[in-house]
Number of protein chains: 2
Amino acid sequence: MRVLEHPDVEEIRLEAVLHALSDPMRLEVVRFLATTENGAACSEIDLAVSKSTGTHHYRVLREAGVINQVYQGTSKINSLRRADLDELFPGLLDSVVSAATRRPRR
Amino acid sequence: MRVLEHPDVEEIRLEAVLHALSDPMRLEVVRFLATTENGAACSEIDLAVSKSTGTHHYRVLREAGVINQVYQGTSKINSLRRADLDELFPGLLDSVVSAATRRPRR
DNA sequence: CGTTTTGTACGACGTTCATCGTAGTACGAG
DNA sequence: CTCGTACTACGATGAACGTCGTACAAAACG
């Protein structure tokens, strides 16, 4: 429990990002993180699933290159990789987040 | 074999669209259709899979609301639901298509 | 009519996925 | 050192997915 694997910028694949964003839970996480400036701990984002499932979704987002995760005490701080995503897929994150925000969680 | 079911505009869900776009084959179809003005028949888009699999992918795209399909003789003409998608998720289609075009098929 | 073209329906197969519960680990506080 | 908090690892389970082959259907053309 110390270092977390993140894909390099050039390793981020569009398909993986789209897949990561295609789940309601993960979309909600991204939508929430988009409203924060310095990220948020997993426990701050209230998902209606068990903790195991939560961990799973955060990992999918991290391994797709959508979020960054760093340990801070017993917590794990999540933040969007906004700069990386904007460089690779300009406009994508913004359009997804604003669409997800406009049409609230179903 | 005559009428094809399409979701109404208000039935199109962001998650379903993102999921539909998260497959390399389907992304290739969308990328191709984005370059055409009046759509294209399934047979015009050369996918490296069997016909059955092709049919499957077209159906996923149609049921997610990404493409429109109409019969024309023995062919089926596919076209992007660009206006509907732009209305629901402004900027999404453009950013995905241009990202998919810039980074060629894996 | 028969043939060709184009796409479908159905069933199968192996993989990936979302979900959970249980048990466990790392860290901070007392 | 012990306890609580926050998250993980592992295994299980049922559902969805991508793929295919075979058999079929509808339309166009001879």
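Reminder, nothing fancy here: chain letters follow the sequence lines and each chain counts from 1. Below, each value reflects all heavy atoms present in this structure, side chains not excepted, and no hydrogens, waters or symmetry copies.
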Out of curiosity, Asp84(A) CG to Arg82(A) CZ, how far, rounded to the nearest 0.5 Å?
-> 12.0 Å

How far does CG of Leu14(B) sit from CZ of Arg31(A), to the nearest 0.5 angstrom?
-> 12.0 Å

Residues Ala99(B) and Leu88(A): closest non-hydrogen pair is CB-O, 4.5 Å

More than 12 non-hydrogen atoms from neighbouring residues, nucleotides or ligands closer than 6.0 Å to CD on Glu5(A), yes or no?
-> no

Calculate, to the nearest 0.5 Å, the distance between atoms CZ and CD1 belonging to Arg81(B) and Ile67(B) respectively.
-> 10.0 Å

Any idea which heavy atoms bring Ala64(B) and Ala20(B) closest together, and the distance?
-> CB-CB, 3.7 Å

Mind calculating the distance between OH (Tyr71(B)) and P (dA25(D)) to the nearest angstrom?
-> 14 Å

Not counting sequence neighbours, list each pair that qualifies as a side chain to side chain donor-acceptor pair (under 3.5 Å) and has a residue in residues 33-47 of chain B.
-> none

Going by number, which of residues 33-52 of chain A have a non-hydrogen atom under 4.0 Å from DNA chain C?
-> Val49(A), Ser50(A), Ser52(A)

For Thr55(A), report the nucleic acid contact type (base, sugar-phosphate, nothing); a contact means any heavy atom under 4.0 Å.
-> base

Mind calculating the distance between CG (Asn78(B)) and C1' (dT6(C)) to the nearest angstrom?
-> 12 Å

Between Ser50(B) and Thr53(B), a side-chain donor and acceptor under 3.5 Å = yes

Given atom CD of Gln69(A) and atom C1' of dC7(D), what is their separation to the nearest angstrom?
-> 10 Å

Here the distance between atom P of dC17(C) and atom CG of Leu18(A), to the nearest Å, is 14 Å

Using side chain to side chain donor-acceptor pair (under 3.5 Å) as the criterion, list what pairs up with Asp94(B), not counting sequence neighbours.
-> none

What nitrogen or oxygen pairs link the protein and nucleotides 28-30 of chain D at under 3.5 Å?
none

Go through Asp86(B) and Leu93(B) one step at a time and tell me if the side-chain contact (heavy atoms from CB on, under 4.5 Å) criterion holds.
-> CA-CA 7 Å; Asp86(B) 283 350; Leu93(B) 190 59; 4.2 Å; yes

Glu11(B) CD: over 12 foreign heavy atoms closer than 6.0 Å = yes

Inter-end axis angle, the helix from dC1(C)-dG30(D) to dG30(C)-dC1(D), with every axis fitted to five base pairs (rounded, 10 degrees) | 20°

For nucleotides 14-18 of chain D, list the nitrogen or oxygen atoms of the protein found under 3.5 Å from its nitrogen or oxygen atoms, one pair per line.
{"from": "dG18(D)", "atom 1": "OP1", "to": "Arg26(B)", "atom 2": "NH1", "distance (Å)": "3.4"}
{"from": "dG18(D)", "atom 1": "OP1", "to": "Arg26(B)", "atom 2": "NH2", "distance (Å)": "3.0"}
{"from": "dG18(D)", "atom 1": "OP2", "to": "Arg26(B)", "atom 2": "NH1", "distance (Å)": "3.3"}
{"from": "dG18(D)", "atom 1": "OP2", "to": "His56(B)", "atom 2": "NE2", "distance (Å)": "3.1"}

Main-chain N/O of Gly65(A) paired to His6(A) side chain as donor or acceptor, under 3.5 Å = no

May I have the step-by-step check of side-chain contact (heavy atoms from CB on, under 4.5 Å) for Leu21(B) and Arg26(B), ending in yes or no?
-> CA-CA 6 Å; Leu21(B) 296 175; Arg26(B) 297 194 288 259; over 6 Å; no

In whole Å, what is the span from the CZ atom of Arg59(B) to the C1' atom of dT19(D)?
-> 13 Å

Between Leu21(A) (CG) and dA18(C) (P), how many Å, whole number?
-> 12 Å

